[in-house]
Amino acid sequence: MSFDITILGSSGGPLEGITCSYILKPSYISYKSIIEDNLSQYLIAIDAGSGLNRITEIITNEKSNSKESIANKILSYYEDSLSIQHYIHHSISINHHYNICTEINSSPIELSFKILNLINTYLISHPHLDHINGLIINSAAFHNQSNKSKLVYGLKETTEALQKYIFNDIIWPNLIHESNGISFLDLIDIIPNESIQLNEIYKVIPFEINHGTKQYTNLEYKSTSFLIKDLNKNQYILIFGDVESDKNSKFPKNKFIWESISDLITTGRLKSIIIECSTPNLPDQEPRFGHLTPDSLIDELKILQNIILNKSDTSPTPPLNGLNILITHVKENKFGKEPRKIILNELNELNEKYNLGCQFSILLTGLTYTV
Ligand SMILES: [Zn+2]
Ligand SMILES: [Zn+2]
């Protein structure tokens with residue numbers, strides 16, 4: 001197992017405070033060591049719809065030895081939800097806690113600030129509020145004694161939007177490093193397909209993806225998918241921001257990603273993909289708002305499968321066999337029917353129908369997945 005990914009939020013809204021944000025670390029180092037040895041190179045945040053509040057809640061539950069977990073609490077909002085295990089493929093191990101409290105004697109809030117302090121890098125897929133809410137509110141705590149600002153990476157469209165519409169001294173104070181000399185955060189433009197070395201642990205290749213069209217201009221809205229490499233272990237994880245199907249897109253971009261990663265899958269260096277599936281399948285006439293449904297996600301995976309099949313002479317097992325597809329950004333609904341359960345059923349049926357061999361799991365807020 002290569003990565004531990006803590007889900008600070010995996011909802012596609014409209015409930016606030018549990019929207020998309022993940023903290024990644026290599027599995028070979030524990031949170032306890034990271035905190036005790038003050039190691040700032042291991043933790044990176046991908047999107048920041050949620051943040052410090054969820055970290056504090058995870059630690060509070062751990063400290064009080066509470067059986068109650070955030071994941072359980074959110075599932076209990078629906079009467080027909082199933083137990084946590086039902087949503088997670090049996091090959092993946094999960095943890096409700098960071099396992100840091102037994103020997104580190106600090107309050108939950110102290111510990112969560114310590115963790116926040118050790119996250120230096122944020123990769124932001126796109127500037128929709130459900131992906132930056134935590135970044136904005138938490139930024140007040142970004143200033144630290146070492147005077148190192150947080151590095152916030154995004155496409156030019158993302159960094160410009162953050163500067164112009166958020167950190168503009170109106171919506172939120174201008175905490176951007178360059179403009180006032182105070183160290184809270186730096187915005188760094190990323191160029192699609194150009195690899196960035198974050199530090200001695202991580203390298204990232206950002207891919208540009210489509211996330212629907214803007215209502216008034218009819219121009220495509222850009223989002224990002226991040227291919228993250230652990231340089232020590234030569235292992236990868238691919239994390240998508242909000243994304244639409246190539247089928248619905250004037251300028252398809254997903255196929256390029258599938259072509260770029262196919263060799264990593266066949267050589268066993270990429271075992272997990274985090275990707276959205278916002279709603280169960282919809283009638284044809286319903287708008288998708290730039291998101292995926294089980295049908296369109298499976299269409300995308302079939303394209304990946306075909307790319308791999310076309311490259312190899314004979315493939316006795318399905319080429320995506322054992323690939324973890326971790327579903328995020330499920331939208332809550334007002335009908336009271338738990339949407340994750342429906343999505344997972346629809347995906348598993350199609351997975352079987354097309355003999356893809358993928359291992360689907362739903363990402364649940366508050367859990368750490370070892371993948
Ligand atoms: Zn979005
Ligand atoms: Zn979103």
Side-chain angles (χ1 to χ4, degrees), residues 5-13 16-24 43-55 116 119-142 148-168 171-172 174-179 184-199 202-212 214 220-228 237-244 253 257 274-276 290-291 328-329 363:
I5 182 136
T6 301
I7 315 305
L8 299 184
S10 59
S11 175
E16 79 287 2
I18 53 169
T19 58
C20 290
S21 178
Y22 326 105
I23 308 293
L24 186 75
L43 299 179
I44 57 174
I46 300 96
D47 277 345
S50 313
L52 198 55
N53 197 359
R54 294 288 78 76
I55 300 174
L116 185 78
I119 302 168
N120 281 337
T121 303
Y122 283 76
L123 306 176
I124 302 294
S125 67
H126 66 298
H128 278 160
L129 268 179
D130 56 323
H131 299 256
I132 61 166
N133 204 13
L135 177 80
I136 305 166
I137 303 291
N138 294 168
S139 65
F142 283 0
K148 255 169 87 183
S149 44
K150 306 278 186 214
L151 304 180
V152 179
Y153 293 84
L155 295 176
K156 202 172 172 33
E157 289 81 353
T158 301
T159 57
E160 279 180 357
L162 287 171
Q163 174 75 81
K164 192 172 171 191
Y165 301 114
I166 304 292
F167 295 100
N168 59 2
I171 297 295
W172 199 248
N174 183 357
L175 305 175
I176 313 290
H177 184 92
E178 296 163 88
S179 45
F184 281 74
L185 66 151
D186 278 336
L187 297 176
I188 301 170
D189 291 351
I190 52 176
I191 298 163
N193 314 328
E194 269 191 24
S195 143
I196 323 151
Q197 176 119 19
L198 297 180
N199 52 36
Y202 295 111
K203 220 170 163 172
V204 179
I205 300 176
F207 296 109
E208 190 180 287
I209 49 181
N210 293 320
H211 178 23
K214 295 179 204 163
E220 51 176 356
Y221 189 95
K222 286 179 189 170
S223 174
T224 321
S225 164
F226 299 104
L227 180 63
I228 302 171
I237 185 165
L238 178 65
I239 304 180
F240 278 82
D242 293 358
V243 62
E244 75 176 351
K253 291 182 181 143
I257 302 177
I274 294 181
I275 191 161
E276 69 137 285
H291 291 291
T328 187
H329 205 272
L363 293 183

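Model, not experiment: these values are computed from the prediction.
Atom CG of Asn138 sits about 10.0 Å away from atom CD1 of Ile136, to the nearest 0.5 Å. Taking CG of Asp189 as the start and CD of Glu157 as the end, the distance is 9.0 Å to the nearest 0.5 Å. Summarising the geometry, atom CG belonging to Leu175 is positioned 4.5 Å from atom OG belonging to Ser139; distances are rounded to the nearest 0.5 Å. Atom CG of residue Asp47 and atom CD1 of residue Ile124 lie 5.5 Å apart, to the nearest 0.5 angstrom. Here CD1 of Ile196 is found 9.0 Å from CD1 of Ile205. Values are rounded to the nearest 0.5 Å. Distance check, rounded to the nearest 0.5 Å: CG of Asn174 to CD1 of Ile166 gives 12.0 Å.
Inter-residue side-chain proximity for Thr121 and Tyr153 is flagged as met; some heavy-atom pair is nearer than 4.5 Å. Proximity of His329 to His131: side-chain heavy atoms (C-beta onward) are separated by under 4.5 Å at one or more points. Counting heavy atoms from C-beta outward, Leu363 and Tyr22 have side chains that approach closer than 4.5 Å. You'll find the side chain of Ile176 stays beyond 4.5 Å of the side chain of Phe184, heavy atoms only. For the pair Ile5 and Ile239, the minimum side-chain heavy-atom distance is below 4.5 Å. In this structure, Ile137 and Asn53 have side chains that are not in contact, with every pair of non-hydrogen atoms separated by 4.5 Å or more. In this structure the side chain of Val152 never reaches within 4.5 angstrom of the side chain of Thr159, judged on heavy atoms. Ser10 places a side-chain heavy atom less than 4.5 Å from the side chain of Thr328.
Taking all atoms of both residues into account, the shortest heavy-atom contact from Tyr122 to Leu116 is OH-CD1, 3.5 Å. Among all heavy-atom pairs drawn from Ile209 and Gly241, the shortest one is CD1-O, 3.9 Å. Nearest heavy atom pair, residue Pro192 against residue Leu155, reads CG-CD2, 3.9 Å. Closest approach of Asp130 to Gly12, counting heavy atoms only: OD2-O, 4.3 Å. Residue Thr158 comes nearest to Ser125 through the heavy atom pair OG1-O, 4.1 Å, listed as atom of the first residue, atom of the second, then distance. Across Asp186 and Ser149, no two heavy atoms sit closer than the pair OD2-OG, 3.1 Å.
Among residues two or more places apart in sequence or in another chain, the ring-ring contact (aromatic ring centres under 6.0 Å, His included) test is passed with Phe240 by Trp258. Partners of Glu208 under the salt bridge (Lys or Arg N to Asp or Glu O under 4.0 Å) rule, at least two apart in sequence or in another chain, are Lys222, Lys253. Not counting sequence neighbours, Glu16 has no partner by the salt bridge (Lys or Arg N to Asp or Glu O under 4.0 Å) test.
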Checklist entry - Yes or no on side chain to side chain contact (heavy atoms under 4.5 Å, CB included) for Ile228 and Ile44, after CA distance, side-chain angles and deciding distance? => result CA-CA 10 Å; Ile228 302 171; Ile44 57 174; 4.1 Å; yes
Item to check | CA sep, side-chain torsions, deciding dist, call: Ile257, Leu238, side chain to side chain contact (heavy atoms under 4.5 Å, CB included) | outcome: CA-CA 10 Å; Ile257 302 177; Leu238 178 65; 4.0 Å; yes
Checklist entry - What's the verdict on salt bridge (charged side-chain N to carboxylate O under 4.0 Å, His left out) for Glu160 and Lys164, showing C-alpha distance, side-chain angles and the deciding distance? => result CA-CA 6 Å; Glu160 279 180 357; Lys164 192 172 171 191; over 6 Å; no
Item to check | Test log, rule side chain to side chain contact (heavy atoms under 4.5 Å, CB included), inputs Leu151 and Asn120 | outcome: CA-CA 6 Å; Leu151 304 180; Asn120 281 337; 5.6 Å; no
Checklist entry - Can you list the steps and then say if Phe167 with Leu187 is a side chain to side chain contact (heavy atoms under 4.5 Å, CB included)? => result CA-CA 11 Å; Phe167 295 100; Leu187 297 176; 5.5 Å; no
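Checking His126 against Asp242 by side-chain atom types alone, a donor-acceptor pair falls below 3.5 Å.
Aromatic rings from Tyr202 and Phe226 are positioned such that their centres are separated by 6.0 Å or more.
Judged by distance alone, with hydrogens and angles left aside, the side-chain atoms of His211 form a donor-acceptor pair with the main-chain N or O of Gly290 at under 3.5 Å. Using a distance-only test at 3.5 Å, with no hydrogens or angles considered, a donor-acceptor pair links the side chain of Ser50 to the main chain of Thr19. Between the side chain of Asn133 and the backbone N or O of Leu129, no donor-acceptor pair lies under 3.5 Å. Side-chain atoms of Arg54 come within 3.5 Å of backbone atoms of Gly17 as a donor-acceptor pair (strictly under, hydrogens ignored).
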